[in-house]
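It should be emphasised that the depicted structure is a prediction, and the values quoted were computed from it without experimental measurement.
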Amino acid sequence: SVVPVNFTAPSYYTMADVSDPAIGEAVRDVLSDATDTNWLVLGYEGNTVIKVQGSGSGGLEELKGLLRDDQSQFGYLRVTSGDSESKRAKFVFISWCGEGVGALKRAKMSVHKASIKTVITNYGVDMHATSLDDLAEDQVMGKVKKAQGADYSGNTSTL
């Protein structure tokens, strides 16, 4: 079928607005070795505008405290992984779609995730979660360890 010239895609097919400079600043803060900030959470203001909802230095558990059952949100987490010979920062991108989010918002999120990834570009693990159980520390660190490739017997990881 032919799409009419005056066709306007529904809002859940359009990209999200990630132009707020605070988003880039928060991402750089998580990436920086010079700060203690190790997470951020992004969420919606209206239907397509993305804003920083919070950031901090309390790791995964603190990040999870901002995730809401009735919202679609995006998280960015810095973890330390490796053994005593080689400790490195690793980054986890989290798309969160709470179990209380409706079908249209779920559909919109899958399209908007691409917009978020134009700002959050440095990550080794991409996780999708619908419940806090999906973000248990052992689940997250297991994915980080697997993404690293080599597994050495002295491997210890911390959030």
What's the shortest heavy-atom distance between [X] and [Y], and which atoms?
{"X": "Thr130", "Y": "Arg106", "value": "CG2-NH1, 4.4 Å"}
{"X": "Met141", "Y": "Thr80", "value": "CE-O, 4.0 Å"}
{"X": "Leu31", "Y": "Arg78", "value": "O-NH1, 2.8 Å"}
{"X": "Leu40", "Y": "Leu63", "value": "O-CD1, 3.9 Å"}

Sequence neighbours excluded, the answer for side chain to side chain donor-acceptor pair (under 3.5 Å) partners of Glu62 is Trp39

Side chain to side chain donor-acceptor pair (under 3.5 Å) partners of Thr35, counting only residues at least two apart
Asp29

Run the side-chain contact (heavy atoms from CB on, under 4.5 Å) test against Ser57 and tell me which residues pass, sequence neighbours left out.
Asp36

Answer yes or no: is there a side-chain heavy-atom contact under 4.5 Å between His112 and Thr48?
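Yes; the side chains approach each other to less than 4.5 Å.
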
Answer whether the closest heavy-atom distance between the side chains of Ile120 and Leu42 falls below 4.5 Å.
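Of all side-chain heavy-atom pairs linking Leu42 with Ile120, at least one is under 4.5 Å.
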
Would you confirm whether Tyr123, through its side chain, and Leu77, through its main-chain N or O, come within 3.5 Å as a donor-acceptor pair?
no

Leu66 backbone acceptor or donor facing Gln73 side chain under 3.5 Å:
yes

Partners meeting salt bridge (charged side-chain N to carboxylate O under 4.0 Å, His left out) with Lys146 (sequence neighbours left out):
none

State which residues pass salt bridge (charged side-chain N to carboxylate O under 4.0 Å, His left out) with Asp138; sequence neighbours excluded, sorted by chain then number.
none

ILVMFWY cluster, Val49 and Val41 together (side-chain gap under 4.5 Å):
no

Identify all side-chain donor-acceptor contacts of residues 15-25 below 3.5 Å with residues at least two apart in sequence or on another chain.
residue : atom : partner : partner atom : Å
Asp17   : OD1  : Ser19   : N            : 2.9
Asp17   : OD1  : Ser19   : OG           : 2.6
Asp20   : OD1  : Ala22   : N            : 3.0
Asp20   : OD2  : Lys51   : NZ           : 3.3

Could you go through residues 89-105 and list every donor-acceptor pair under 3.5 Å that involves a side-chain atom there, pairing it with any protein atom two or more places apart or in another chain?
residue : atom : partner : partner atom : Å
Ser95   : OG   : Met127  : O            : 3.4
Ser95   : OG   : His128  : ND1          : 2.8
Trp96   : NE1  : Arg68   : O            : 2.8

Listed once per pair and sorted, the salt bridge (charged side-chain N to carboxylate O under 4.0 Å, His left out) pairs that draw on residues 112-132, sequence neighbours left out:
Lys113-Asp126, Lys117-Asp126

Please round to the nearest 0.5 Å and tell me the distance separating atom NZ of Lys64 and atom OG of Ser131.
9.0 Å

